[in-house]
Colleague: 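Got a structure for you, written out below as structure tokens; questions coming shortly.
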Amino acid sequence: MLQKLEESPPWLRMLRIVLGSICVILSLFIIIYIGPAVFAFIVITSVVLLAIGIERVAIGIVHQLSRSLRFVNIGIGLLIIGFSIFLMQFPIFTFGLLIFLGAIALFLSGVSRIVHGIRSNASRRFRVLGIGVGAISIAFAVIIMVHPVSVGVPLLAIIISIAFLIIGIEMIITGITGRSRDRIIS
């Protein structure tokens with residue numbers, strides 16, 4: 001159930017614009033300079049996650065949401081902030097964990113797409129597309145698991161950077177318009 005949609009206060013709009021801009025700039029930096037250092041990637045990813053976590057906490061504090069939605073936003077924000085701090089403290093462990101989790105997620109997504117493609121009642125074209133995308137996902141996942149540094153790092157960095165870029169753009173748009181995400185999306 002949607003709560004009453006209201007305009008965001010000016011400081012929250014500015015916070016979204018600034019944090020969104022940081023996300024966009026750092027994401028573009030990762031995409032452009034993919035090769036120089038894994039450590040830089042982890043630090044930049046940590047800072048972007050920290051910005052996203054701060055924004056979630058601010059949303060939970062400011063917006064007139066139900067009590068449970070406020071706690072969810074604050075809780076998720078604090079988890080993201082905690083994860084970002086963990087990433088900064090243990091970069092080598094984080095590096096291996098990111099590659100492993102990314103490959104596992106990609107593998108499971110591929111399996112899911114193949115199963116859905118086989119069992120779907122959709123047209124033959126969409127079923128074949130789903131099965132093909134699933135097979136490609138599984139192939140990439142296996143390649144990443146076998147060659148985590150030479151293939152996994154650049155591929156994972158690009159995928160994560162694109163996701164952060166999209167999140168940053170969305171934060172900037174909600175900051176500029178002053179509307180909540182619910183009003184923009186729906």
Side-chain angles (χ1 to χ4, degrees), residues 2-3 5-65 69-91 93-95 97-106 109 133 137 140 144 151-186:
L2 291 175
Q3 297 290 322
L5 300 173
E6 73 263 349
E7 297 289 318
S8 298
W11 70 267
L12 181 59
R13 292 176 66 186
M14 185 57 70
L15 179 69
R16 284 179 164 170
I17 292 169
V18 169
L19 294 177
S21 298
I22 291 170
C23 291
V24 168
I25 290 167
L26 294 178
S27 298
L28 289 173
F29 179 79
I30 292 171
I31 292 169
I32 293 169
Y33 299 106
I34 197 88
V38 172
F39 184 75
F41 167 73
I42 292 171
V43 170
I44 291 170
T45 301
S46 302
V47 172
V48 171
L49 283 172
L50 185 63
I52 292 169
I54 291 169
E55 188 239 3
R56 285 285 93 207
V57 171
I59 296 295
I61 292 171
V62 171
H63 279 294
Q64 298 298 323
L65 302 170
L69 284 177
R70 292 180 96 173
F71 286 132
V72 167
N73 273 299
I74 292 169
I76 289 173
L78 291 174
L79 284 173
I80 293 171
I81 291 168
F83 185 67
S84 72
I85 292 169
F86 179 81
L87 291 177
M88 288 181 215
Q89 293 296 317
F90 303 104
F93 174 77
T94 301
F95 170 68
L97 184 64
L98 282 174
I99 292 174
F100 182 76
L101 291 176
I104 294 292
L106 189 60
S109 174
V133 169
S137 296
F140 271 124
I144 291 169
V151 176
V153 172
L155 185 63
L156 186 60
I158 289 170
I159 291 170
I160 290 173
S161 296
I162 290 170
F164 286 156
L165 181 66
I166 293 167
I167 290 169
I169 290 168
E170 186 261 348
M171 287 168 66
I172 292 169
I173 291 170
T174 57
I176 290 170
T177 61
R179 295 189 176 122
S180 69
R181 286 185 178 94
D182 297 332
R183 187 173 290 173
I184 291 172
I185 293 172
S186 57

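For reference, positions follow the sequence shown, starting with 1.
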Colleague: CD1/Ile54 to CG/Leu78 distance, rounded to the nearest 0.5 angstrom?
Modeller: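 Separation between the atoms: 10.5 Å.
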Colleague: Checking side-chain contact (heavy atoms from CB on, under 4.5 Å) for the pair Arg56/Ile59: CA distance, chi angles, key distance, verdict?
Modeller: CA-CA 5 Å; Arg56 285 285 93 207; Ile59 296 295; 3.7 Å; yes
Colleague: Looking at Gly168 and Val24, what are the two nearest heavy atoms and their distance?
Modeller: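 Smallest heavy-atom distance, with atoms named: C-CG2, 3.7 Å.
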Colleague: Any idea which heavy atoms bring Ile144 and Ala103 closest together, and the distance?
Modeller: CG2-CB, 3.8 Å
Colleague: May I ask you to decide if Leu106's main-chain N or O and Ser109's side chain share a donor-acceptor pair within less than 3.5 Å?
Modeller: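 Looks like no, no N/O pair under 3.5 Å.
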Colleague: Considering non-hydrogen atoms only, spot the tightest contact between Phe164 and Cys23 and give its length.
Modeller: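 Closest approach of Phe164 to Cys23, heavy atoms only: O-CB, 4.0 Å.
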Colleague: State the CD1-CG distance between Ile74 and Leu69, to the nearest 0.5 angstrom.
Modeller: 11.0 Å
Colleague: What's the separation between atom OG1 in Thr174 and atom CD1 in Ile17, rounded to the nearest 0.5 Å?
Modeller: 8.5 Å
Colleague: Taking Arg70 for the side chain and Ile61 for the main chain, is one N or O donor matched with an acceptor at less than 3.5 Å?
Modeller: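 Checked: pair present.
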Colleague: Looking at every heavy atom in both Pro9 and Val62, which two are closest together, and how far apart are they?
Modeller: CG-CG1, 3.4 Å
Colleague: Can you tell me which residue among Ile52, Leu50, Val47 is in a side-chain contact (heavy atoms from CB on, under 4.5 Å) with Ser84?
Modeller: Leu50
Colleague: At their closest point, which heavy atom of Met171 faces which heavy atom of Leu19, and how far apart are they?
Modeller: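 Minimum heavy-atom separation between Met171 and Leu19: CE-CB, 3.4 Å.
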Colleague: Phe83 vs Phe86 aromatic rings, parallel, tilted or perpendicular, using cut-offs 30° and 60°?
Modeller: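 The arrangement is parallel - the two ring planes meet at less than 30°.
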Colleague: Working to the nearest 0.5 Å, report the span between CG of Leu49 and CG of Leu79.
Modeller: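 Leu49 atom CG to Leu79 atom CG measures 12.0 Å (nearest 0.5 Å).
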Colleague: Give the minimum heavy-atom separation between Met88 and Ser46, together with the two atoms involved.
Modeller: CG-CB, 3.4 Å
Colleague: Just by distance, do the side chain of Arg16 and the backbone of Ile172 share a donor-acceptor pair under 3.5 Å?
Modeller: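 The answer is no, because no donor-acceptor pair under 3.5 Å joins these two groups.
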